[in-house]
Amino acid sequence: MKIATFNINGVNKRLDILLTWLGTAEPDVVCLQELKATDGQFPRAAIEAAGYGAVWRGQAAWNGVAILARDREPVLTRTGLPGDSSDTQSRYIEAAVNGILIASLYAPNGNPQPGPKFDYKLAWHLRFNQHAAALLETGVPVVLAGDYNVVPEPRDIYPTRSYDDNALVQPESRAAFRSLVDQGWLDALRKIHPKEELFTFWDYRRNRWQRDAGLRLDHILLSRKLRRRLTGAGIDREIRALEGSSDHAPVWVSMRD
DNA sequence: ATGGCTAATCTCATTAGA
């Protein structure tokens, strides 16, 4: 079973790339972020024609998350995080697929920092971590996949000082991610590739893709029961290399059934 | 300190992303 996450940066703008990738990578489950589409604009028919059922939560202009499942309909369990009914941003969706609870998340960027956007980022992570703890309590197999907008460690970014003031690398951001992992989640990409340089995002500007000046922002976390089933993980960099691609690459894990 | 790329929007300029 292959489970992937992909910050698509506009699901309609990059529909061709998404369909090409679905056809070659053949993931069983896909978590999408940054749909940049309303519920009505989601390309349901094209995704269905590619053989995938889907649940999604869109929003005008920004954000938006979805979960796709090959030859199945994901069973929607939640849209949105608990804990703040005033939060209207579409950043979280959760569904059951083939006995596994799947969460597709798009954490706030948080720039500039300090400021209200950074406050929102940290508050969002706190709410997310509380919900993740509740999911662990249930004992159900869970995958938390998405764009966390956190560079976990200094080795997860190319050598530079230009991100020193960026919300993605601040100690508070890293502490939020670390406390989540410390609940008992497995950072699957790092587990499979303990020494390698792992980047999942390259800014469009300043030839950062050509220079391989990347960051690791997209993560797949597994609950305890799934750790033993993990067999592989990777980053589909060739998708980032395509003309007109997202600034993120797809990230995936494979597991025994 | 700024700009650098890209996208969406009641654009031809602004906001947001990271």
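In what follows, every chain begins at residue 1, and chains take the letters A, B, ... in the order their sequences are listed. Everything numeric in this text was worked out from a predicted model, so none of it was measured. Scope of the values below: all heavy atoms of this structure, side chains included, with no hydrogens, waters or symmetry mates.
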Using atom C1' of each nucleotide, how far apart are B:dA7 and B:dC12 to the nearest Å? 15 Å
Using atom CG of A:N166 as one end and atom C1' of B:dA16 as the other, report the distance to the nearest whole Å. 13 Å
When all nucleic acid strands are considered with a 4.0 Å heavy-atom cut-off, which category describes A:F201: base, sugar-phosphate, or nothing? sugar-phosphate
Students often mix this up, so state it plainly: with edges at 30° and 60°, are the rings of A:H219 and A:Y148 parallel, tilted or perpendicular? tilted
Write down the distance separating the C1' atoms in B:dA1 and B:dT11, rounded off to the nearest Å. 27 Å
Check nucleotides 5-13 of chain B for protein N or O atoms closer than 3.5 Å to its own N or O atoms and list the pairs.
residue : atom : partner : partner atom : Å
B:dC5   : OP1  : A:R206  : N            : 3.2

Nearest-angstrom distance from the residue atom CZ of A:R211 to C1' of B:dG4: 11 Å
With a cut-off of 6.0 Å (strictly less than), are more than 12 heavy atoms of other residues, nucleotides or ligands near CZ of A:R155? yes
Does A:R240 pair with A:D212 as a salt bridge, N-O distance under 4.0 Å? no
Ion pair A:D87/A:R127, N-O distance below 4.0 Å: yes
Residues A:D156 and A:R174 bridged, charged N to O under 4.0 Å: no
Side chains of A:F6 and A:I239: closer than 4.5 Å at any heavy-atom pair? yes
For A:K117 and B:dG17, what is the distance between atoms NZ and C1' respectively, to the nearest whole Å? 8 Å
Can you list, in residue-number order, the parts of residues 87-94 of chain A that come under 4.0 Å of DNA chain B, counting heavy atoms only? A:R91
When we call it a touch if two heavy atoms are under 4.0 Å apart, what does A:D247 touch: a base, just sugar-phosphate, or nothing? nothing
Take the angle between the ring planes of A:F128 and A:W124 and call it parallel below 30°, perpendicular above 60°, tilted in between. parallel
Show which side-chain atoms of residues 23-30 of chain A pair as donor or acceptor with protein atoms under 3.5 Å away, not counting sequence neighbours.
residue : atom : partner : partner atom : Å
A:T24   : OG1  : A:T20   : O            : 3.2
A:T24   : OG1  : A:W21   : O            : 3.3
A:D28   : OD1  : A:R70   : NH2          : 3.1
A:D28   : OD2  : A:K2    : N            : 2.8

Within a strict 4.5 Å, meaning less than it, do heavy atoms of the A:N129 and A:S179 side chains meet? yes
Over all strands shown, is A:Y148 touching base, sugar-phosphate only, or nothing at heavy-atom distances under 4.0 angstrom? nothing
Using atom CD of A:E34 as one end and atom C1' of B:dA16 as the other, report the distance to the nearest whole Å. 9 Å
Within the structure shown, what part of the strands sits under 4.0 Å from A:D165 by heavy-atom distance: base, sugar-phosphate, or nothing? nothing
If we take the C1' atom in both B:dC10 and B:dG4, what is their distance in whole Å? 28 Å
Measure the distance from NZ on A:K121 to C1' on B:dA16 and round it to the nearest whole Å. 14 Å
